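Since the model is a prediction, treat every value here as computed from it, not as a measurement.
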Amino acid sequence: MSTTKTTSNNFIKNIINEHMETGKYGGRIHTRFPPEPNGYLHIGHAKSIYINFGIAEEYKGLCNLRFDDTNPIKEDVEFIESIKEDVKWLGFDWEDRLYYASDYFERLYQFGVQLIEAGKAYVCELNQEKVKEYRGTLTEPGKESPYRNRSVEENLDLFERMRQGEFADGSKVLRAKIDMSSGNLNMRDPVLYRIQRSTHHRTGDKWCIYPMYDFAHPLSDAIEGITHSICTLEFEDHRPLYEWLVSSVNVEGPPQQIEFARLNLSHTVMSKRKLRQLVEEGYVDGWNDPRMPTISGLRRRGYTPESIRDFCERIGVAKANSMVNIAFLEHCVREDLNKRAPRVMAVLRPLKVVIENYPEDKVEILDAENNPESPEMGSRKMPFSRVVNIEQDDFLEEPPKKFFRLAPGREVRLKHAYIIKCEKVIKDESTGEVIELRCTYDPETRSGASTVGRKVKGTLHWVSAEHALRADVRIYDHLFTKENPDEAHDFKANINTDSLETLDSCLVEPHLEGAKPGSRYQFLRQGYFCVDPDSSDQLVFNRIVSLKDTWAKIQKAQGNK
RNA sequence: UGGGGUGUAGCCAAGCGGUAAGGCACCGGGUUUUGGUCCCGGGAUGCGCAGGUUCAAAUCCUGCCACCUCAGCCA
């Protein structure tokens with residue numbers, strides 16, 4: 001039952017295919033995933049990881065993991081570990097190619113020297129404000145820095161002394177000498193190095209000058225022999241600079257930058273700033289809150305890495321900005337879990353049912369298949385007795401049209417057990433709330449017996465009252481009520497205040513005793529659930545995603561009439 | 001008003017001159033001891049708009065329009 005994954009073509013693969021035909025890189029494909037260790041990875045990063053590692057895999061090439069750690073004031077080792085964990089969890093392997101831009105600081109510095117020697121870079125003493133002023137605007141060209149035409153010797157000397165720490169932070173920068181009148185602001189003598197006395201998480205206090213992304217990134221790619229440097233659309237404007245740098249340092253087969261549209265997912269936010277806000281202001285319980293679109297959140301929620309990769313494959317790769325509906329992600333987990341998750345019965349909101357004609361102390365051990373989609377998953381035993389619990393939603397005193405479940409005088413099947421009939425409804429005298437059902441069962445209808453002439457429309461899940469285990473279940477909904485929370489001036493105005501509902505009197509079948517955190521199940525007729533790490537003697541489940549619910553749809557349609 | 005991009009069904013997305021793939025969502029129907037799964041069927045006479053080239057255009061050309069993006073010593 002192995003499904004042949006058909007990976008479809010996209011514009012990046014088309015480019016690579018062409019390179020393969022023309023032999024541009026000698027048939028070599030080498031990509032990289034270059035996160036800055038300044039935050040947690042989210043589903044948008046998963047897309048990038050999937051593209052970079054996935055393409056390398058598909059073309060029998062390599063993909064490096066490289067931390068773009070050129071700005072120590074924003075970065076931290078904490079993030080390095082979480083990023084590594086997430087990439088691994090997604091199922092990708094950088095083997096021995098774990099790199100850091102900071103590993104290249106010395107070589108990068110030498111590239112800076114080379115650029116100066118070639119007359120392509122200079123030390124500028126304009127302060128930050130002046131640099132900005134001289135840059136011009138979108139519609140007006142910039143002005144050349146008065147320091148632009150220093151001699152190579154003077155530049156060399158100054159750059160060296162910048163490194164030695166002779167100058168104050170921010171007093172000087174190394175700039176590329178390109179074109180102050182370029183329509184592309186990135187080409188107006190971009191800053192390559194800044195003086196910034198801060199302790200780097202890997203190089204300590206060895207350096208007081210740090211390279212800028214625009215300088216370090218293309219050259220790091222070149223150093224690693226990257227062939228295809230795949231990044232997101234906002235770097236499109238940087239490509240001329242990327243090419244300028246990479247061709248100025250004499251590497252063979254300079255890497256090519258290719259940009260794709262980053263992922264936007266409906267009903268959530270993706271920016272690090274906003275995610276951090278949700279965490280810091282207590283809207284969620286942390287970066288790995290199961291409602292977060294972070295990899296760690298999705299992991300805790302119970303998403304499988306396979307489903308996330310499948311999602312990344314199926315959304316495609318293009319250059320058009322788009323927003324994928326989160327329903328598609330949910331579809332991908334359902335599809336994966338349908339095949340893999342063992343089925344189990346759990347009653348989230350219990351309603352007591354006494355089967356009056358069933359012997360008081362009799363217990364039958366019934367056989368229940370674990371997964372009708374995968375018979376090889378076998379079956380388990382389930383106790384059945386006189387008192388069971390069913391879902392409150394599965395009984396209605398006054399059933400509307402098309403309601404196939406239990407109602408006074410009606411019959412339903414208890415999955416894997418018997419057909420029962422509702423004989424009497426017991427209510428709380430003061431509140432009128434239904435608190436118990438008195439039913440009878442038909443001994444001839446035990447699961448597996450002939451059902452000729454005994455069709456019932458509804459089948460319910462249940463648990464045996466005396467055997468059931470108590471559990472907490474956390475029901476999650478989308479974090480935001482709007483498809484695009486960013487549409488509002490303040491995205492927080494669209495926070496879904498009901499994104500978490502905790503049910504603390506759930507009853508699950510005894511088979512679940514000792515279920516390990518991380519294990520996933522389908523609660524029959526309800527959805528897919530995952531044992532949360534909080535689980536101990538007290539079972540705690542996260543709802544990963546509900547099952548599709550046609551009845552809910554019918555009710556909604558009826559309500560709309 | 002400068003530079004760089006993008007516009008194919010409600011949402012993604014193939015297509016690269018020969019007459020609109022696929023998926024999600026949605027709507028029908030069938031199977032079903034999960035109102036799940038699975039199976040079958042349905043939607044663009046149309047590809048941002050307007051012209052042009054061609055026997056033939058989503059694909060080529062021209063002109064418009066809309067949206068995204070760039071003025072960190074962030075990445």
So what does [X] touch, heavy atoms closer than 4.0 Å: a base, only the sugar-phosphate, or nothing?
X	result
A:Arg188	nothing
A:Leu233	nothing
A:Lys457	nothing
A:His461	nothing
A:Val456	nothing
A:Gln128	base
A:Val191	sugar-phosphate
A:Met323	sugar-phosphate
A:Asn38	nothing
A:Gly527	nothing
A:Lys415	base
A:Arg446	base
A:Arg413	base
A:Asp237	base

[X] and [Y] aromatic centres sub-6.0 Å:
X	Y	answer
A:His217	A:Phe235	no
A:Trp462	A:Phe384	yes
A:Tyr122	A:Phe159	no
A:Tyr303	A:Phe311	no

Inter-nucleotide [atom1] distance ([N], [M]), Å rounded:
N	M	atom1	result
B:rU62	B:rA71	C1'	33 Å
B:rC11	B:rG43	C1'	15 Å
B:rA20	B:rU31	P	35 Å
B:rG46	B:rG15	C1'	14 Å
B:rG7	B:rC47	P	15 Å
B:rG18	B:rC61	P	16 Å
B:rC12	B:rU54	C1'	33 Å
B:rU69	B:rG63	P	26 Å

Of A:Ser182 and A:Ala417, whose closest RNA chain B nucleotide lies nearer the 5' terminus?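 Per heavy-atom nearest nucleotide, the more 5' residue is A:Ser182.
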Find which nucleotide of RNA chain B each of A:Ala327 and A:Ile195 is nearest to by heavy atoms, and output the residue with the more 5' nucleotide.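 Nearer the 5' end of the strand: A:Ala327.
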Base paired to [N] (Watson-Crick or G-U; both N/O distances under 3.5 angstrom):
N	value
B:rA9	none
B:rC64	B:rG48
B:rU34	none
B:rC55	B:rG18

Regarding A:Arg525 and A:His461, is there a side-chain donor-to-acceptor distance under 3.5 Å anywhere?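 A:Arg525 vs A:His461: donor-acceptor pair found between side chains.
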Say whether A:Glu259 and A:His238, considering side chains only, have a donor N or O and an acceptor N or O under 3.5 Å apart.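 Judged by distance alone, the side chains do not pair up.
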On the 0 to 90° scale, with breaks at 30° and 60°, tag the A:Phe541-A:Phe523 ring pair as parallel, tilted or perpendicular.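 The rings of A:Phe541 and A:Phe523 stand perpendicular, inter-plane angle above 60°.
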5' to 3' contact window, RNA chain B with chain A (heavy-atom distance under 4.0 Å):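 Boundary nucleotides touching chain A, in 5' to 3' order, are B:rU1 to B:rA75.
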Cation over ring, A:Arg163 on A:Tyr109, under 6.0 Å and within 45°?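 That pair qualifies as a cation-pi contact.
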Do A:Arg410 and A:Cys422 make a side-chain contact, defined as non-hydrogen atoms from C-beta onward lying under 4.5 Å apart?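 SC-SC contact between A:Arg410 and A:Cys422 ruled out.
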Please work out whether B:rG72 sits syn or anti, treating a glycosidic angle within 90° of 0 as syn.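 With its glycosidic angle within 90° of zero, B:rG72 counts as syn.
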